[in-house]
Asks: 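This is the structure I have questions about; it appears just below.
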Amino acid sequence: MIRVQREDFDVGTELAALTQDNPGVGGMCSFVGLVRDLHPDARTPGAESGEGRVTAMTLEHYPGMTEKMLERIDAEAHRRWPIEASLVIHRFGRMEPGERIVLVATASAHRQAAFDSCQFLIDWLKTKAPFWKLEETPDGGRWVDARDSDDTAASRWGSDDWAAE
């Protein structure tokens, strides 16, 4: 299931619903992404003085396009692993540090498929889903660039030739 929404979500409720009425599930993995109050590239000394501080983040997306890409990534996870169920909830709009941005969860008969597929979904979502992030700082707003470390994490799952189709 894929949802892109402005509203917050309850992790417990979502995870319970994911596995409800499915006795074939033996393991579930989940990841919850939160808004940080510090830009990941901020220098530690500067961060102490306020440099690199994030006071809010606004996520924008193209309705329809974003959901379509998330569905494709989710379908790829189901193709690669024996997943009983999966869930991706991604928020958009303005959020403050500590708020939930994303929930990714997978459930399978065995734990390894749940671990791997959950990590795959996070890595590919991070690099392939069309979201734009604007950080608010004490010095103004700045768009968040794609990070090489995210591309490296996503590349370990192999080819993404399907994305060009």
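All values reported here derive from a predicted model rather than from experimental measurement. FYI, side chains are in, hydrogens and waters are out, and symmetry mates aren't considered; it's all heavy atoms of this structure.
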Asks: So, for Ala107 and Thr19, which heavy atoms are closest and what is the spacing to 0.1 Å?
Replies: CB-CG2, 4.0 Å
Asks: Quick one, Asp123 with Arg156, criterion side chain to side chain contact (heavy atoms under 4.5 Å, CB included). Give me CA distance, side-chain angles, the key distance, then yes/no.
Replies: CA-CA 9 Å; Asp123 288 343; Arg156 72 183 154 136; 2.9 Å; yes
Asks: Establish whether Val25 and Phe31 are linked, either directly or via other cluster members, by ILVMFWY side-chain heavy-atom contacts under 4.5 Å.
Replies: no
Asks: Take atom CG of Asp148 as the centre, draw a 6.0 Å sphere, and report whether it contains more than 12 heavy atoms from other residues, nucleotides or ligands.
Replies: no
Asks: Compare all side-chain heavy atoms of Arg94 with those of Glu136 and state whether any distance is below 4.5 angstrom.
Replies: yes
Asks: Answer yes or no: is there a side-chain heavy-atom contact under 4.5 Å between Phe131 and Met69?
Replies: no
Asks: Kindly indicate, with the supporting measurements, whether the criterion side chain to side chain contact (heavy atoms under 4.5 Å, CB included) is fulfilled by Leu134 and Glu60.
Replies: CA-CA 8 Å; Leu134 177 66; Glu60 296 183 2; 5.7 Å; no
Asks: Counting only N and O atoms by type, is there a donor-acceptor contact under 3.5 Å from the side chain of Arg100 to the main-chain atoms of Val32?
Replies: no
Asks: Grouping I, L, V, M, F, W and Y whenever their side-chain heavy atoms are under 4.5 Å apart, do Ile101 and Leu34 come out in a common cluster?
Replies: no
Asks: Within the distance-only criterion (no hydrogens, no angle test), does the side chain of Thr106 pair as donor or acceptor with the backbone N or O of Ser86 below 3.5 angstrom?
Replies: no
Asks: Minimum heavy-atom separation for Ile83 to Ser108, with atom names?
Replies: CA-CB, 4.2 Å
Asks: With the 4.5 Å side-chain cut-off for hydrophobic clustering, are Met57 and Phe9 part of the same group?
Replies: no
Asks: State, with a plain yes or no, whether a side-chain heavy atom of Leu103 is found less than 4.5 Å away from one of Ser30.
Replies: yes
Asks: As an exercise, state the distance from NZ of Lys126 to CG of Leu121, rounded to the nearest 0.5 Å.
Replies: 14.5 Å
Asks: Does some side-chain heavy atom of Val35 sit less than 4.5 Å from a side-chain heavy atom of Glu96?
Replies: no
Asks: In Å and rounded to the nearest 0.5 Å, what is the CG to CD1 distance from Asp150 to Ile122?
Replies: 11.5 Å
Asks: Please name the pair of heavy atoms, one in Cys29 and one in Phe115, separated by the smallest distance, quoted to 0.1 Å.
Replies: SG-CD2, 3.0 Å
Asks: Looking at every heavy atom in both Glu67 and Ile2, which two are closest together, and how far apart are they?
Replies: O-CG2, 4.3 Å
Asks: Evaluate whether atom CZ of Arg111 has more than 12 neighbouring non-hydrogen atoms of other residues, nucleotides or ligands under 6.0 angstrom away.
Replies: no
Asks: With heavy-atom distances below 4.5 Å as the criterion, would you say the side chains of His90 and Leu59 are in contact?
Replies: yes
Asks: Can you tell me how the ring of Trp157 sits relative to the ring of Trp81, calling it parallel under 30°, perpendicular over 60° and tilted otherwise?
Replies: perpendicular
Asks: As a test of understanding, state which of Glu7, Arg6, Glu99, Arg3 forms a side chain to side chain contact (heavy atoms under 4.5 Å, CB included) with Arg91.
Replies: Glu99
Asks: Over all heavy atoms of both residues, which pair between Ala129 and Ile73 is shortest? Give the atoms and the distance, please.
Replies: N-CD1, 4.4 Å
Asks: Flag yes if Leu18 and Val11 sit in one hydrophobic cluster, no otherwise; membership is Ile, Leu, Val, Met, Phe, Trp, Tyr, and two members link when side-chain heavy atoms are under 4.5 Å apart.
Replies: yes
Asks: Counting only heavy atoms not in His78, do more than 12 sit closer than 6.0 Å to its NE2 atom?
Replies: yes
Asks: Does this structure show an ion pair linking Arg79 with Glu76, if we count only N-O contacts that are shorter than 4.0 Å?
Replies: yes
Asks: To the nearest 0.5 Å, tell me how far Ile89 CD1 sits from Leu70 CG.
Replies: 11.5 Å
Asks: Using 0.5 Å steps for rounding, measure from the NE2 atom of His61 to the CH2 atom of Trp132.
Replies: 9.0 Å
Asks: In the structure I gave you, are the side-chain heavy atoms of Arg142 and Thr137 within less than 4.5 Å of one another anywhere?
Replies: yes
Asks: Under a single-linkage definition using a 4.5 Å side-chain heavy-atom cutoff for Ile, Leu, Val, Met, Phe, Trp and Tyr, are Leu125 and Phe92 assigned to the same hydrophobic cluster?
Replies: yes
Asks: If you take all heavy atoms of Arg53 and Pro138, which pair is closest and at what distance?
Replies: O-CD, 3.4 Å
